[in-house]
Enquirer: 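The structure under discussion is supplied below as structure tokens; questions concerning it will follow.
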Amino acid sequence: MPRRVLIVIGHPDPSPDRLCRALASAYAEGAERAGHAVRKIDLALLTFPMLRTMQEFEHGTIPGSLKEAAKAVGWAEHIVFVFPLWLGTMPAMLKAFLEQVMRPGTAFAYPEKGEGFAKWLLRGRSARLVVTMGMPAPVYRIWFLSHGIAGMRRGILNFVGIKPVRETLFGMVENSSDATRGKWIGHMHELGQRGL
């Protein structure tokens with residue numbers, strides 16, 4: 001069944017040579033060929049401020065440069081985040097983007113006084129985290145317990161109702177051969193076709 005798919009490219013470097021862009025493009029091409037509706041957000045092409053206070057987070061407005069992006073998050077049934085691992089987690093630009101668009105009233109609602117937990121406003125959506133890294137992916141999973149990705153999954157995406165969140169990790173990217181990268185791109189094309 002066709003799905004509404006949003007691809008968020010979280011690499012801060014706008015160079016078209018970045019592996020993250022090739023992986024995102026392969027996913028998009030596979031999804032479009034399978035009949036899924038696809039939208040893309042490339043964070044490197046956007047300019048937006050970082051949040052600096054809780055007051056701003058809770059009561060401020062989403063910057064004009066991110067209004068369409070916030071609407072796209074609400075539109076999507078499946079969100080694919082493609083980014084490099086920097087210092088064990090997502091780049092600061094992706095974190096700043098999520099802080100802007102995953103606000104109260106947009107992604108979740110605070111409970112009334114004395115009433116349980118926050119309400120999920122993005123329930124029913126799923127996500128995939130596609131992460132490139134310099135270390136072997138099994139080392140990140142086993143030794144580091146995927147801590148940065150786990151924090152994104154539980155502390156941000158699950159918190160607003162996005163479940164399940166699947167992961168695709170590509171390790172040792174700096175030394176990867178053209179053949180290996182070709183396999184990765186083929187794998188992303190297949191995931192796009194399946195809308196997963």
Side-chain angles (χ1 to χ4, degrees), residues 1-16 18-84 86 89-110 118-132 152-153 155-163 165-166 188 191-193 195-196:
M1 173 181 282
R3 304 182 79 190
R4 296 188 305 272
V5 177
L6 173 64
I7 301 170
V8 178
I9 305 166
H11 200 307
D13 183 350
S15 170
R18 294 283 154 233
L19 176 59
C20 285
R21 283 194 172 66
L23 297 171
S25 291
Y27 188 101
E29 183 180 304
E32 287 168 344
R33 282 196 180 171
H36 301 294
V38 177
R39 293 184 187 175
K40 280 202 235 181
I41 299 170
D42 189 338
L43 298 188
L45 305 179
L46 299 175
T47 301
F48 54 91
M50 290 195 318
L51 288 174
R52 298 184 181 273
T53 67
M54 187 68 161
Q55 175 73 16
E56 199 178 351
F57 175 69
E58 292 183 333
H59 304 292
T61 59
I62 294 174
S65 60
L66 293 180
K67 286 195 186 296
E68 288 304 311
K71 286 179 188 172
V73 168
W75 165 86
E77 295 172 307
H78 182 63
I79 307 172
V80 180
F81 295 92
V82 186
F83 59 93
W86 284 7
T89 190
M90 70 188 99
M93 180 176 272
L94 178 54
K95 178 71 162 52
F97 169 79
L98 290 168
E99 288 173 357
Q100 287 284 13
V101 300
M102 299 294 185
R103 290 177 184 242
T106 302
F108 71 97
Y110 285 118
K119 181 180 177 186
W120 299 336
L121 299 182
L122 298 178
R123 172 181 255 151
R125 289 155 179 84
S126 60
R128 177 168 297 277
L129 308 180
V130 179
V131 186
T132 62
M152 181 180 182
R153 182 183 63 248
I156 301 173
L157 302 177
N158 290 171
F159 179 73
V160 300
I162 299 174
K163 297 177 184 182
V165 177
R166 297 175 181 91
M188 291 302 295
L191 287 173
Q193 285 182 319
L196 291 175

Enquirer: Between atom CZ of Phe81 and atom CD1 of Ile156, what is the distance when rounded to the nearest 0.5 Å?
Expert: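 Here the interatomic distance stands at 8.5 Å.
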Enquirer: Less than 4.5 Å apart, side chain to side chain, heavy atoms only: is that true for Phe159 and Met102?
Expert: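 Contact flag for Phe159/Met102 side chains = no.
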Enquirer: Would you compute the distance between atom CE of Met152 and atom CG of Asn158 and round it to the nearest 0.5 angstrom?
Expert: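 The distance works out to 11.0 Å.
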Enquirer: How long is the gap from CG on Leu46 to CG on Leu66, to the nearest 0.5 Å?
Expert: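 One finds 6.0 Å between CG of Leu46 and CG of Leu66.
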Enquirer: Heavy-atom distance under 4.5 Å between the side chains of Lys163 and Trp120, does that happen here?
Expert: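 Of all side-chain heavy-atom pairs linking Trp120 with Lys163, at least one is under 4.5 Å.
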Enquirer: Determine whether Arg18 and Ile9 make a side-chain contact, defined as any pair of heavy atoms from C-beta on separated by less than 4.5 Å.
Expert: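 No, every pair of side-chain atoms sits at 4.5 Å or beyond.
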Enquirer: Closer than 3.5 angstrom, by distance alone: can the side chain of Ser65 be matched with the main-chain N or O of Thr47 as a donor-acceptor pair?
Expert: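 Confirmed, Ser65 side chain pairs with Thr47 backbone.
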Enquirer: For residues Arg21 and Ser15, determine if any side-chain heavy atom of one lies less than 4.5 Å from a side-chain heavy atom of the other.
Expert: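 No; the side chains remain at least 4.5 Å from each other.
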Enquirer: Could you tell me whether the side chain of Tyr27 and the main chain of Leu196 form a donor-acceptor pair under 3.5 Å?
Expert: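 Yes.
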Enquirer: Indicate yes or no for a side-chain donor-acceptor contact from Lys67 to the backbone of Ile62 under 3.5 Å, with no hydrogens or angles considered.
Expert: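 Checking the backbone N and O of Ile62 against the side chain of Lys67, a donor-acceptor pair under 3.5 Å is found.
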Enquirer: Return the CG to CG distance between Leu98 and Leu157, rounded to the nearest 0.5 Å.
Expert: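 With rounding to 0.5 Å, CG (Leu98) is 6.5 Å from CG (Leu157).
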Enquirer: With distance as the sole test, does Gln100 use its side chain to make a donor-acceptor pair with the main-chain N or O of Ala70 at under 3.5 Å?
Expert: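 Looks like no, no N/O pair under 3.5 Å.
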Enquirer: Where the side chain of Arg103 meets the backbone of Gly60, is there a donor-acceptor pair that is under 3.5 Å apart?
Expert: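 Pair found, side chain donor or acceptor close to backbone of Gly60.
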Enquirer: Please report the interatomic distance CG(Leu122) to OG1(Thr106), rounded to the nearest 0.5 Å.
Expert: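 It is 8.5 Å, given to the nearest 0.5 Å.
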Enquirer: Using a 4.5 Å cut-off on heavy atoms from C-beta on, say whether the side chain of Leu94 contacts that of Val8.
Expert: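 Heavy-atom side-chain distance check passes, below 4.5 Å.
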Enquirer: With rounding to the nearest 0.5 Å, note down the distance linking CG in Leu19 to OG1 in Thr132.
Expert: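 So the CG of Leu19 and the OG1 of Thr132 are separated by 6.0 Å.
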Enquirer: Side chain to side chain contact (heavy atoms under 4.5 Å, CB included) for Met188 and Ser25? Distances and angles first, verdict last.
Expert: CA-CA 9 Å; Met188 291 302 295; Ser25 291; over 6 Å; no
Enquirer: Under a 3.5 Å distance rule, please check whether Arg125 uses its side chain to pair with a backbone N or O of Ile79 as donor and acceptor.
Expert: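 Between the backbone of Ile79 and the side chain of Arg125 there is no qualifying donor-acceptor contact (under 3.5 Å).
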Enquirer: Indicate yes or no: at least one non-hydrogen side-chain atom of His78 is less than 4.5 angstrom from one of Arg128.
Expert: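 In short, these two side chains touch, coming nearer than 4.5 Å.
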Enquirer: Given side chains that start at C-beta, do those of Phe83 and Val131 come closer than 4.5 Å, heavy atoms only?
Expert: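 In contact.
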Enquirer: Has the side chain of Arg3 got a donor or acceptor atom that lies under 3.5 Å from a matching backbone atom of Gly195?
Expert: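 The answer is yes, because a donor-acceptor pair under 3.5 Å joins these two groups.
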Enquirer: With side chains defined as the heavy atoms from C-beta onward, is the minimum distance between His11 and Trp86 less than 4.5 Å?
Expert: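 The answer is yes; the side chains approach within 4.5 Å.
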Enquirer: Backbone N or O of Arg39 within a donor-acceptor pair of the Arg4 side chain at under 3.5 Å?
Expert: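 Side chain of Arg4 to backbone of Arg39: no pair is present.
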